[in-house]
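Just below is one structure, and these are the notes that go with it.
Throughout, protein chains are lettered first and strands after them, A, B, ... in sequence-line order, and every chain is numbered starting at 1.
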There are 2 protein chains.
Amino acid sequence: MARPTIADIAERAGVSKGAVSFALNGRPGVSEETRRRILAVADEMNWRPHRAARSLGNSRAGAVGLILSRPARTLGLEPFFGQVVSGLQAGLAEDGTALQLLVVEDPEAEMAAYRNWTAEKRVDGFVLLDPLIDDPRFPALEALDVPVMVLGGPLPDTSLSYSWADDSEAMHEAVDYLAALGHRHVVHVAGMPQFLHTKRRMDVLTEAKARHELAEVVSIPTDYSDSEGAVITRRVLSRRERPTAIVYDSDVMAVAGLGVALEMGVRVPQDLSILSFDDSLLARLTHPALTALTRDTQGWATEAARELLRLIADPSLTVRHPSSTPVLVPRESTAPPAGH
Amino acid sequence: MARPTIADIAERAGVSKGAVSFALNGRPGVSEETRRRILAVADEMNWRPHRAARSLGNSRAGAVGLILSRPARTLGLEPFFGQVVSGLQAGLAEDGTALQLLVVEDPEAEMAAYRNWTAEKRVDGFVLLDPLIDDPRFPALEALDVPVMVLGGPLPDTSLSYSWADDSEAMHEAVDYLAALGHRHVVHVAGMPQFLHTKRRMDVLTEAKARHELAEVVSIPTDYSDSEGAVITRRVLSRRERPTAIVYDSDVMAVAGLGVALEMGVRVPQDLSILSFDDSLLARLTHPALTALTRDTQGWATEAARELLRLIADPSLTVRHPSSTPVLVPRESTAPPAGH
DNA sequence: ACAACGCGCTCCACATGCGTC
DNA sequence: TGACGCATGTGGAGCGCGTTG
């Protein structure tokens, strides 16, 4: 026996298709009694609405897109993605909305996917990750006139909605903490410089130099890979004047850096303090466990998903939503510098 | 101006809707010349098929589902998921098929989602992870009569298709290696006992005991968490007769176990060899780096995705596909036991 | 409460034209 | 001359639902 349709229900309940539709969607137009009868029949026949048919009528796809243009393997490496995906998923599931995932190789393919999925009405909106400085995706998506929620920001000069994490505040907290411990030579192993949040963290750092009268503060951009984290660490620890503290923009790099310190006989935290701007299981599993800035990435994504659903329901909205600021969790990798 | 439809193209090209449909889908029924003209017009008008309309017509959703019933946070922790997701994605993208992801809390919700998504024709098939012993999902999915590809196996007593990794072979390799090094007391910190692959690995181990005349071989089931990995490690290392080697079913547990060894002053690999059945960046970042059984999870998933697409195209098929056997990568965490 | 239509596409039954035996 | 095959295209029913008169 085939999948039941509203026509089947109508026949069985002795009413018209229209009445069934009204009843199933809780719309006026049928009496309470027939509504109940219809619902009973639908339930009995195990009816479920056909997504495509529903979408065709009301032009709601019932799905949102997440398109990532990172090399596919980083998906497995960075815990961040898993957290974002499951967080988004949780927020969307409340509404029965699905998450469509696409991993592409380059930004061009990413842009093409936005255009195609919008034109095909495959999704009702998008979630964007990792906003860039002068991000070309923003004007393109504004032109497409499709609901978008950016995870990150605040974003200047855009009408897109976003949910921003206060990276500046967090970086302040980190630097203040290191300065309070007595550190005056600090290196920041940063992420990709085109990322907006990388820039924001770097800015705080240069500013902090003056404020705390630090002797040295440098930000060194990387591609977030463990190998670059290791290379940079080896380089700065090989200098005559070593930093006494290093701040890493990801826990993967921080762990790699810790490995280099060990390999070079630099004791952590006695000779070198390590602070990770990113927290996950990884930071807790090492010895010493890493002091880190931690935040509820999953909750952040869930909230962003809810906002996106609101946006889809009412496209005239614009959301500028602050998420919770990352919190410093001191563990074993930070201490006052030697002789302090 | 609104989204163009095939009717618009038909009008502009001076042909019928049917001809346009044929031309756009590469079907016979139109001459090469008109086909070209139609394609040119479609391209010029920037036409894209409306997914819902297409689905409604040919009853193909153009998407496959992946439903996970693990606590949401493990998604961010286990690199395995990210690799599977991006791997599947890569295979599906070749066909323009989307991946719909759902994370649920419990097996009941997982089953409900299979039923709903099938009934709603939201997806054309499913990918299943982590097959269990007497898995209740199998008969349910067989009853739903929907294409399914299981990542894991081989599975007895099911008509579902699967792509199996040779866990037995891999475990043999691991144990043979440890035995060859001279280890006679081996502990296996296993995964969840209801998982089919866990059982298979355990079976190999008990069998290996006799074959290699080992003094001790025990498998201890866990929930894959770092904390259980640590607890079990602490326990077995506290015994009078310590094991000289531990095999962990996941790299997260292996790293946690390594931490415990360090904390207890047990030197790795001099006093204790550690072998992880699971490889990822994690296993390489530790000191010492972990000897691990490595495999191309992403490629495995990609191949499985392709098979699933084949299955969807021809539901009469059944696929029993072996994937490549995991390979032992010796790193720094394994060595002959003391006094050998 | 009903009948009928529309959403955009697929697909099938059926013309139409042309050359061939 | 007509009957037939083939290639090319047309028209429209139908997919399952929402919605209007």
**Prompt:** So, B:R12 and B:E44, do they make that salt bridge, N to O below 4.0 Å?
**Reply:** yes
**Asked** Do any side-chain nitrogens or oxygens of A:S16 fall under 4.0 Å of OP1 or OP2 in C:dA3?
**Response** no
**Request:** Starting from the 5' end of DNA chain D, give me the residue, A:A19 or B:V15, whose nearest nucleotide shows up first.
**Result:** B:V15
**Request:** Select base, sugar-phosphate, or nothing to describe what A:S21 touches, counting heavy atoms under 4.0 Å on all strands.
**Result:** base
**Message:** Please report the distance, rounded to the nearest Å, between CZ in B:R122 and C1' in D:dC17.
**Reply:** 15 Å
**Asked** Within the structure, does a side-chain N or O atom of A:S31 lie under 4.0 Å from either OP1 or OP2 of C:dA1?
**Response** yes
**Request:** Grab the CG-P distance between A:N25 and D:dG16 for me, whole Å please.
**Result:** 17 Å
**Prompt:** If you pin B:G18 and B:A52 to their nearest nucleotides in DNA chain C, which one's is more 5'?
**Reply:** B:A52
**Message:** Regarding B:P28, tell me which of base, sugar-phosphate or nothing describes its non-hydrogen contacts under 4.0 Å with the strands shown.
**Reply:** nothing
**Item:** Rounded interatomic separation in angstrom, taking CZ from A:R60 and C1' from D:dT19
**Value:** 16 Å
**Message:** Looking at A:E33 and A:R36, is there a salt bridge between them, counting it only when a charged N and a carboxylate O are closer than 4.0 Å?
**Reply:** no
**Request:** Could you tell me whether the phosphate oxygens of C:dC9, OP1 or OP2, come under 4.0 Å of any side-chain nitrogen or oxygen in B:R3?
**Result:** yes
**Complete:** DNA chain D nearest-nucleotide lookup for B:K17 and B:K121: closer to the 5′ end is B:K17
**Request:** Kindly say if A:R54 contacts the phosphate of D:dG16, meaning a side-chain N or O under 4.0 Å from OP1 or OP2.
**Result:** no
**Prompt:** To the nearest Å, how far apart are B:E32 CD and D:dT8 C1'?
**Reply:** 13 Å
**N or O in side chain of B:N58 less than 4.0 angstrom from C:dC9 OP1/OP2** = no
**Request:** Could you tell me how the ring of A:F80 sits relative to the ring of A:W300: parallel (under 30°), tilted (30 to 60°) or perpendicular (over 60°)?
**Result:** tilted
**Message:** Is there a side-chain contact between A:R27 and the phosphate of D:dG18, meaning an N or O under 4.0 Å from OP1 or OP2?
**Reply:** no
**Request:** For A:A42 and A:I9, work out which heavy atoms get closest and say how close.
**Result:** CB-CD1, 3.7 Å
**Prompt:** Does the side chain of A:R51 get closer than 4.0 angstrom to OP1 or OP2 of D:dC15 through an N or O atom?
**Reply:** no
**D:dG9 OP1/OP2 closer than 4.0 Å to side-chain N/O of B:T34** = yes
**Asked** So, A:D130 and A:R70, do they make that salt bridge, N to O below 4.0 Å?
**Response** yes
**Message:** Rounding to an integer number of Å, can you tell me how far B:F22 CZ sits from D:dT8 P?
**Reply:** 13 Å
